[in-house]
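Residues take their numbers from the sequence shown, with the count starting at 1.
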Amino acid sequence: MDVNGNGVITEKLSAFHMTILVFMTQFGVVIFSLPQLLSKTFGTNGWIILPLYGVIVILNLVLIGAVHKLGKGKSIFVILEKAIPRLLLIPLYLFLLAVWSMLGCLVSKEYVLLFQMIAFPTTNPMIFKILMDVLLIWLLTKGLYNISKASTVFFWASVWMILLVFLFWGDFKFSRLTPFILKGGEGALKDYVGIYAAFLGYEISILTFQYTDAKTRFLRSSIYGSLLTTVFYTYICLIAFGFFSLGQLNKMLYPLLDLMAYIRFPFIERLENLFYGFFLFTTLLTVVMYQWAAKEACRRILPKVNDNILGAVIILGAYLIAFIPDTLGEVQDWLQMFSELECIVAFALPLLLLLVIGLGGKKAVGA
């Protein structure tokens, strides 16, 4: 990202980069367990509910787009601080800093624990995590514009994996989908939110306003990125529901990895390991975007501290906290809790900003 002598950002995100950035931030390792979550929560043909989740995401993006339009593309922090003293906003910034940094931390810990489980069961997962965090710090120092370019490279390096799913059409049975829809599910509110967490990441776009211009087509690009995620999730889950029976899906922890284990090539034995390794790209993007968002919130609390130092301290702090949840179950419990908080942030933050903009407009008219 180039900044001129007046501190004005001169490089803006293109519409394509914005679309890919939203998609790569959303699409993550949760896809491995998503068919199982859907089968247990909604029962037969649970995959069919995913487009509804996509519609809710788009409605939330429309709210964020309204903030972008009415706020004239200004940073959300500028909008807030124009109406509310910064001192009163510090608790909110601390809350956002905690939620975003912990989400990034837990997503990366979940990834390394799964990687350890399927490929290197005797290796300490924190060794993998520290290697991952070095990459994160390097990406974080490059700024959002270069992160978006990296996301495009990562996208092309990993999107080919979706093509592998076409190999399963030979064993796909429509009879496994059954004529029943959403029968046998035992989902509670917690499970519904857990599935929605698979779509989280799009809400970080609310921090990218000052990196966009008219050519970015912010709202349209964000919706395209989210639609791409919904289509990929729905397609992969449809294949899983047509390949496995409902009973099998309910018992599997990671149906997509089991699905990949069915592929056999003469030149490679454990394709699922390779498949999982390429998911490092999408995981890195998800984590770096949450840590970048945490850094942006922290910068409002400590405006005089260098950006790179802030980013490194946040990632180091997250690394130390990652020692506490020791097992995959504990990590997923923590992830569920912070995902629920992030769902509230995703809807409440744009509503708060719209309220501040609305009150600011009335004040100007009154004056």
Side-chain angles (χ1 to χ4, degrees), residues 1-4 6-13 21 25 63-105 136-137 139-148 200-212 218 222 286-318 321 338 341-360 363:
M1 178 174 60
D2 290 338
V3 179
N4 66 22
N6 296 322
V8 178
I9 298 165
T10 56
E11 290 180 303
K12 304 292 183 183
L13 299 175
L21 187 63
T25 309
L63 267 182
I64 294 171
V67 176
H68 179 260
K69 186 175 181 181
L70 297 174
K72 296 181 172 55
K74 291 178 186 169
S75 159
I76 64 164
F77 301 115
V78 172
I79 295 172
L80 286 171
E81 289 167 13
K82 197 173 177 183
I84 305 171
R86 181 178 290 189
L87 194 63
L88 296 180
L89 288 169
I90 284 180
L92 174 64
Y93 292 160
L94 285 172
F95 173 74
L96 294 175
L97 166 64
V99 171
W100 287 333
S101 61
M102 283 307 299
L103 275 173
C105 163
L136 287 172
I137 291 174
L139 271 174
L140 209 56
T141 58
K142 300 300 175 186
L144 184 67
Y145 182 74
N146 288 311
I147 290 173
S148 76
L200 287 177
Y202 68 89
E203 74 284 356
I204 296 297
S205 63
I206 201 168
L207 299 176
T208 65
F209 290 169
Q210 66 270 37
Y211 300 91
T212 64
F218 172 80
S222 301
T286 303
V287 177
V288 80
M289 284 304 293
Y290 274 117
Q291 301 296 15
W292 173 80
K295 188 198 72 174
E296 291 295 297
C298 190
R299 193 166 62 169
R300 310 308 292 193
I301 304 169
L302 303 168
K304 294 182 179 176
V305 180
N306 181 279
D307 260 17
N308 293 340
I309 294 174
L310 280 181
V313 169
I314 288 170
I315 290 177
L316 176 63
I321 293 172
F338 281 97
L341 291 173
E342 182 62 5
C343 286
I344 295 171
V345 170
F347 286 91
L349 189 56
L351 287 174
L352 172 65
L353 287 159
L354 287 174
L355 181 65
V356 167
I357 292 169
L359 290 176
K363 192 175 176 182

Look only at the side chain of [X] and the backbone of [Y], and say whether a donor-acceptor pair between them is shorter than 3.5 Å.
X    : Y    : answer
T286 : T25  : yes
E203 : G201 : yes
K12  : Q210 : yes

Please report the shortest heavy-atom distance between [X] and [Y], naming the atom on each side.
X    : Y    : result
A293 : L207 : CB-CD1, 3.3 Å
G104 : Q291 : C-NE2, 3.9 Å
Y145 : S148 : O-OG, 2.6 Å
I64  : P350 : CG1-CG, 4.0 Å
L140 : I147 : CA-CD1, 4.5 Å
V356 : I79  : CG1-O, 3.6 Å

For Y202, check ring-ring contact (aromatic ring centres under 6.0 Å, His included) against everything at least two apart and list the hits.
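Testing Y202 for ring-ring contact (aromatic ring centres under 6.0 Å, His included), a comparison that skips the adjacent residues, returns none.
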
For the residue pair Y93 and F77, categorise the inter-ring angle as parallel (less than 30°), tilted (30 to 60°) or perpendicular (more than 60°).
perpendicular

Can you tell me if CG on L88 sees more than 12 non-hydrogen neighbours from other groups inside 6.0 Å?
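Enclosed: over 12 neighbouring heavy atoms sit under 6.0 Å from CG of L88.
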
Kindly indicate whether the side chain of [X], heavy atoms from C-beta on, has any atom under 4.5 Å from the side chain of [Y].
X    : Y    : answer
L21  : L144 : yes
L139 : W292 : no
T212 : H68  : yes
L353 : I206 : yes
L80  : R86  : no
E342 : W100 : yes
L349 : V67  : no
L200 : F338 : no

Those residues that, when tested against R299, pass salt bridge (Lys or Arg N to Asp or Glu O under 4.0 Å) (two or more places apart):
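R299 satisfies salt bridge (Lys or Arg N to Asp or Glu O under 4.0 Å) with E296, D307 once adjacent residues are dropped.
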
How many angstroms lie between [atom1] in [X] and [atom2] in [Y], if you round to the nearest 0.5 Å?
X    : Y    : atom1 : atom2 : value
I137 : I315 : CD1   : CD1   : 4.5 Å
S101 : K295 : OG    : NZ    : 14.0 Å
E81  : L87  : CD    : CG    : 11.0 Å
L92  : L97  : CG    : CG    : 11.0 Å
F209 : I76  : CZ    : CD1   : 7.5 Å
L316 : I309 : CG    : CD1   : 13.0 Å

